[in-house]
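Indexing begins at 1, ligand by ligand and atom by atom, following the structure's order.
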Amino acid sequence: MNHKSTILIVDDLLSAREVLRGLLTGQGYNLAFASNGAEALAKATQLIPDLILLDAMMPGMNGFEVCERLRADPLLAEVSVIMVTALDDPDSRLRGIEAGVDDFITKPYNRVELQARIRIITRLNHQRRLHLLELQAERDRTQAILEALGEAVVVTDATGIIQYVNPAAETLTGFTLAEAQGQSWRLWQSEETTAHLYDEILEKVQAGQLWQGEVVNKRKDKQLYDAALTVAPLFSPNSPGRSPVPPSQPVSIVSVQRDITPLKKAEQAKNEFVSNVSHELRTPLSVITLISDNLDTHYERLEDSKRRKMIRDIQKHTQVLNELIGDVLEISRIDSQRISMERDLVDLYHLLQIEVSEILPLARQKSHTLQASDGEPINVLGHQAQLRQVIRNLLTNAIKYTPDGGQINCACKIISLSTPEIDQKQVANWPERDNLPGGLWAALRVVDTGIGISQEHLPRLFNRFYRIKTQHKIRGTGLGLAIAQKLMELHGGYIAVASTLDKGSTFALYLPLLENE
Ligand code: ADP
């Protein structure tokens, strides 16, 4: 920013220009010169000076005409003009005032007086210019805030014609500022909102009130999105007396949209989850109710063995309820991030060994052979209890979904994710082929000779409550794999499955090796 005031000196005579140069040099001004009217206008447009010293009498375009033209140009209308006239020339003064001249000086100059008057004018102008610059800076700041805002801001005139959209609004709606400008704000109205809604909003805001609510809008690519919308009137900053618009009527309208599509989706998922949970809870509960009612009603008439069987069934279904509640609590803990994110150095191979030995009795009940092949410590950063839970889920499933006398083999080793032995079609949270992370990974596999899973089920296997229909005789909640996947995600790892129907399944866990970190 140049703090010096700029003075444009206009005179057709070189000698006259030089006199003024002599008087004003060294006073802290930028001086510019023009020798005729046309040049004066050109320089004035280019420099926007604080002050023009304008000779009245010039050949061609004279000083009066120059001044009239200056006043007609919005950019130059406010520039101070001092007209230089001959002594005792009242006619010129009158013409000059009509042309818009601010002040007059006469030749020959009184040096002290000239310098003083110029100093006063330029100082006043300077204040005004600084004020303008401040306003401009303020506008820039507001602009910067609008540009940085994550929420979509749209400014329209009082009738809803778009004047400005910030970058967040461009991103949200898909329309660029240039595309949106001049269009109606109904640009993104979708068929999902009632036809009158926008009219109602406009009416309310034009009456000076705020409107807040949720709408379904449409992007340029026709995709719908949910938005929390606030629409507010903006009133003229001018003093009401001078404003052409009555103070109670807005001059423009500002609307702020927040994309709540993810929120809505989460809400929907939660509702589905709740209804799923209630459904799953109701099934074992109604069985328990039924059996215990029967037991109560027919107790005396039932044989001992029958009664015992019914009690066992009640126990079995109570157990299912218990597991279900445990899993639901676990998954909601993960969802609400009320789960420990503490990470310690853990040896994955060691965890596998512990879990295998703890679950061995269960495998023996079904006459399975269950073993972990020899291995070495493999260190990863993780939460011991959570990783054990994931391993336990895989082992329990392998035992459950393998007919008696099967074989379950587990192994733990260090691999790279891009090795060809890993089937890239594996599902769950598996990265895209091009996005496979590098480095070395700890891999844990559980291989069973069980009933297997057909390809059609694989993509949904890790969804909450997803269970394969034909296996409903086998007890389960359908949450085990969903929990396992979430826990692996929280560990920066992956879970994957490969399976052949009637042959068996391989579930695998991948965790970044400590050396990678
Ligand atoms: P749950 O076992 O409680 O039903 P999971 O989330 O652990 O729930 O598993 C989801 C479904 O995936 C199971 O219902 C079953 O159909 C299938 N599944 C899981 N593990 C295996 C496996 N090792 N062999 C065959 N099917 C499996």
Practice task
Considering only NZ, NE, NH1 and NH2 on the basic side and carboxylate oxygens on the acidic side, decide whether D313 and K309 come within less than 4.0 Å.
Solution key: yes
Exercise for the section: Output yes when the distance from some N or O of ligand 1 to some N or O of G478 is under 3.5 Å, and no in every other case. Expected result: yes
Practice task
Please report which non-hydrogen protein atom sits nearest to atom 23 (N) of ligand 1, along with the residue it belongs to and the distance in Å to one decimal place.
Solution key: D448 OD2, 2.9 Å
Exercise for the section: Please tell me if the side chains of K366 and P403 come closer than 4.5 Å, counting only heavy atoms from C-beta onward. Expected result: no
Fill in the blank from the handout: K400 heavy atoms within 4.0 Å reach ligand 1 at atoms 1 (P), 2 (O), 3 (O)
Fill in the blank from the handout: Under 4.0 Å from one or more heavy atoms of L479, ligand 1 contributes atoms 6 (O), 8 (O)
Problem - F507 six-ring centre to R445 NZ/CZ under 6.0 Å and within 45° of normal - result: no
Problem - Charged N-O contact under 4.0 Å between K218 and E192 - result: no
Handout entry: Ion pair check, R464 and D327, cut-off under 4.0 Å
Key = no
Practice task
Looking only at distances, please establish whether an N/O atom of ligand 1 is found under 3.5 Å from an N/O atom of L481.
Solution key: yes
Problem - CA sep, side-chain torsions, deciding dist, call: H279, R282, side chain to side chain donor-acceptor pair (under 3.5 Å) - result: CA-CA 5 Å; H279 176 82; R282 206 160 280 152; over 6 Å; no
Handout entry: Non-hydrogen atom of G450 closer than 4.0 Å to ligand 1
Key = no
Exercise for the section: Run the contact test for F507 against ligand 1 with a 4.0 Å cut-off on heavy atoms, strictly below, and give the result. Expected result: yes
Problem - contact_flag T477 ligand 1 heavy-atom lt 4.0 Å - result: yes
Fill in the blank from the handout: among protein heavy atoms, the one nearest atom 16 (O) of ligand 1 is Q471 OE1, 2.5 Å
Problem - Nearest-neighbour protein heavy atom for atom 26 (N) of ligand 1, which is reported as residue plus atom name and distance - result: I453 CG1, 3.3 Å
Handout entry: Ring centers of W188, Y225 separated by less than 6.0 Å
Key = no
Handout entry: Nearest neighbour in protein (non-hydrogen) for atom 4 (O) of ligand 1
Key = R467 NE, 2.5 Å
Exercise for the section: State if E323 counts as touching ligand 1 under the rule of any non-hydrogen atom under 4.0 Å. Expected result: no
Fill in the blank from the handout: The single option from E147, R141, R139 that satisfies side chain to side chain donor-acceptor pair (under 3.5 Å) with Q143 is E147
Practice task
Would you mind checking if E267 and K270 are paired as a salt bridge, meaning a charged N to carboxylate O distance below 4.0 Å?
Solution key: no
Exercise for the section: May I ask you to identify the nearest protein heavy atom to atom 17 (C) of ligand 1, giving residue, atom name and distance to one decimal place in Å? Expected result: L461 CD1, 3.9 Å
Completion exercise
The closest protein heavy-atom partner of atom 10 (C) of ligand 1 is Y466 O, 3.3 Å
Problem - Closest approach of any protein heavy atom to atom 7 (O) of ligand 1, naming residue and atom - result: N397 ND2, 2.8 Å
Fill in the blank from the handout: atom 14 (O) of ligand 1: closest protein heavy atom, distance to 0.1 Å, is Y401 OH, 3.1 Å
Problem - Side-chain ion pair, E179 and K220, N-O less than 4.0 Å - result: yes
